[in-house]
Each structure stands twice: as structure tokens, then as C-alpha cells.
Amino acid sequence: MTKPAATLFAFVALFVLSTSYDAKGARRKLQVSNFGTTAEGILVYRYVLTNDKGAEAVVISYGATLVSLKVPDRNGKIADVVLGYDSVDGYEQGTSYFGGTIGRYGNRIAGGQFTLDGKVFHVPTNDGPNSLHGGTIGFNKRVWTAVDRSRADAEVLELSYASSDGEEGYPGSLKVKVTYTLAAESNELRIDYWATTDKDTVVNLTNHSYFNLTGDASQTILNHQLTLHALKFTPVDATLIPTGEERAVEGTPFDFTKPTAIGTRINQDDEQLKFGKGYDHNWVLEKTDKDGLQLAAEVFDPSSGRVLEILTTEPGIQFYSGNFLDGTAKGKGGQAYAYRTGLALETQHFPDSPNHPNFPSTELKPGQTYRSTTVLRFSTRK
Ligand code: BGC
């Protein structure tokens, strides 16, 4: 398509999306506008999902990224609780994965190599000796196609991406869908993932939002109180690759079975904390029902009263305390994101699973469907 034709097509698509009512005219619809263009000149759309309880989620087609998420505090004051950028360029240049959809493989693959069906596959090393978050151009740096699937009870945005066979070294053409659903009657943002492949491959999708429940990203997250429904975590080596062990959290700074301020033990003299420069580990979630959606984590910010509960179908969660933020990333409104001013809680299969047969499998075969769901549930407390 020529550039003028592509622009015309884009505007027609924009018109169709922004005027899609159902027969009764009762259907909710989300707002769509232009977020900017990529360096290659591809138009990036910005979608705004709102509800009747004061929440607003903004998602862009670049990286199927959650750009902002506004929720009320205990006094009803609404603020944005995730880090991000104001421009496409920010996301293209950025190295922190703010709010992005991570794939084909979330977190690390040791030495950029794994064996599948007896064949060795090489994926790009972009984090010391390892491959991180899908390689050099992961799903967070691709342009996705969005469709408004809103219903009477929720605003719904479905984004699709087709990852080609061999992209970033991974076998199989992978069709991926990510759906963001903001409930009309509660401050719940649900993220559903779906994927199919035409060759055996590995898949591990997640969202990489950094939360700061104060709504003020100049403050650290060290006073946030965290609960993780996990009795074990997967310790790592110095390059943050799991050793394969599942270690009890009891008696360690990794025990978040009871609400604990993140800053309480983060600087303790502990080898695992040193490797991560703080928390940057995978916790093994306690599952009572193997396949169901279960409460994995709760975060409470005493200053604002905001509470975030995370439910997931995944077996693990990566708690990353923003240890690599150093103030160089200039985010929304020109805010520099300093050390530990955001925390990520990435629901996932365990890092480097393709090289650890004892971990839950991340393999996907033709005819199978990958499904994963994570819910971000917001409320407030005294
Ligand atoms: C990883 C961190 C990494 C960060 C990238 C997290 O999921 O575990 O080690 O630095 O993503 O921003």
C-alpha cells in the first residue's frame, strides 16, 4: 500500500471503529484517536476504555501496550498508577518494557538457546549472555491490529499480531491475541491471551506494567505492602537464570505470605537480593485449582489507600522492584523514573522453562490453543 493510501485506510478504519454501535444503540464503545507514528511511518492508535466507577485504561496498538491506568484513591481522587511514555518514540527507544505485551517468551532464556523436539534453537541475546522478553524486537515493539469488542457490561479491546516462523529465532508462525476488558461496574481490568501455532514452539506471554499506587511516580514503591500467595520461589544465578530449584520462602526476605512493605528487607545481605539488585524473581504460586483464575498478589499503598489484587491462571509471578530504573527514562509529563519508583508483577510461566524440564511446560503444538488470563482488580482501604 502506498503511504497516502495507507493513511486514507487508517482514517476509514478509525471512523468505522469510532462509530460501531449495535442495533439497540446500547452497546458501549471505546474512544479511538491517533497516538502518533512509528519511525517507519506506521500510524499508532490510542484506545481509551472507561467505566462508570472512575477507571480509565489507555492502550495503544504499538506493543499492545497499557499506557495509562487511572483509578480512584480512598478519597475518590483519580490518578494514573502505571509508568509509561507520552509518545510512540518513547516506546520505540525505551528499554524498560513499560506496560508492553511481552512475547514470544516473557523473561529470560539462558544463553539464548533451547532445545525443542531434539533441535537446537538460537534466540537473540539482549541481556548479557541471555535472551530477555522475546529478543531484540519482541511483541512489545510490534504494531498490533485492534478491534473494538465492547459489550453492554464492559469496554473490550482485542489486539492481534501474527509472528512469523523464525521471528527472533522462534519456530512456527504464531497467531496471538490479547484482549483488554474493563468492566463497566467494577474497577477490574482483565487481560486475556490466546495463541495458536503451525509448528511446535514455546510461548510465555505477559504484561509488563510498572505500578506505583501513589499515583505520583516521583515517589518510590518501597512503602507499598505486598502479599504474594506463594510458599516457594525460583532462585537464580548471577545472570538471573533460575538454577532449577524451588526454594521455600519461609525465613527469607522472599516471604511475602503476609503483607510486608517492599522496603523492609530489600537491602538485606542476601545473595539472591544481590543477584537481582533487589527483588527480580519468580514466585511459585500456590494453586488450589490447577487451571482456574486465582489470587496471586495484593499490593496496598497506605498513603492513597489504593489496593491492587492480581488474579491469574499462570503458575508463576515475577516480582521486579524497579531496580534498573535510574532516572534516565523520561516518562509521561516529563517525569524521570528513578530507582524503584515502579514495581512490576508479571504473571507468567517460569523463566527459562524450555531449559528446565521440571518446570511447567511452555510448549505449544499445532492444534493446541494457548490461553492465559490475568485480572487487575482495584479497590481502596482505610
Ligand atoms: C526482568 C528484569 C528486567 C525488567 C526489564 C523484568 O521482567 O525480570 O530483570 O530488567 O523486566 O525492565
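As the structure lists them, so they are numbered: ligands from 1, and atoms in each ligand from 1. Just so it is clear, the model here is predicted, and its values are computed rather than measured.
Residues meeting the salt bridge (charged side-chain N to carboxylate O under 4.0 Å, His left out) test with D216, sequence neighbours left out: none. Contacts of K277 classified as salt bridge (charged side-chain N to carboxylate O under 4.0 Å, His left out), with partners at least two apart in sequence or in another chain: none.
Ring planes of F319 and F256: perpendicular class, angle over 60° (limits at 30 and 60°).
Listed by chain and number, S96, Y97, N107, R108, H133, H208, Y210, L240, D280, Q318, Y320, F324, E346 each place a non-hydrogen atom less than 4.0 angstrom from ligand 1.
Contact annotation: the side chain of E168 approaches that of I137 to within less than 4.5 Å [non-hydrogen atoms, C-beta and beyond].
Screening D148, D153, D52 for a salt bridge (charged side-chain N to carboxylate O under 4.0 Å, His left out) involving R28 leaves a single residue, D52.
Under the ring-ring contact (aromatic ring centres under 6.0 Å, His included) criterion, no residue pair touches residues 177-198, with sequence neighbours excluded.
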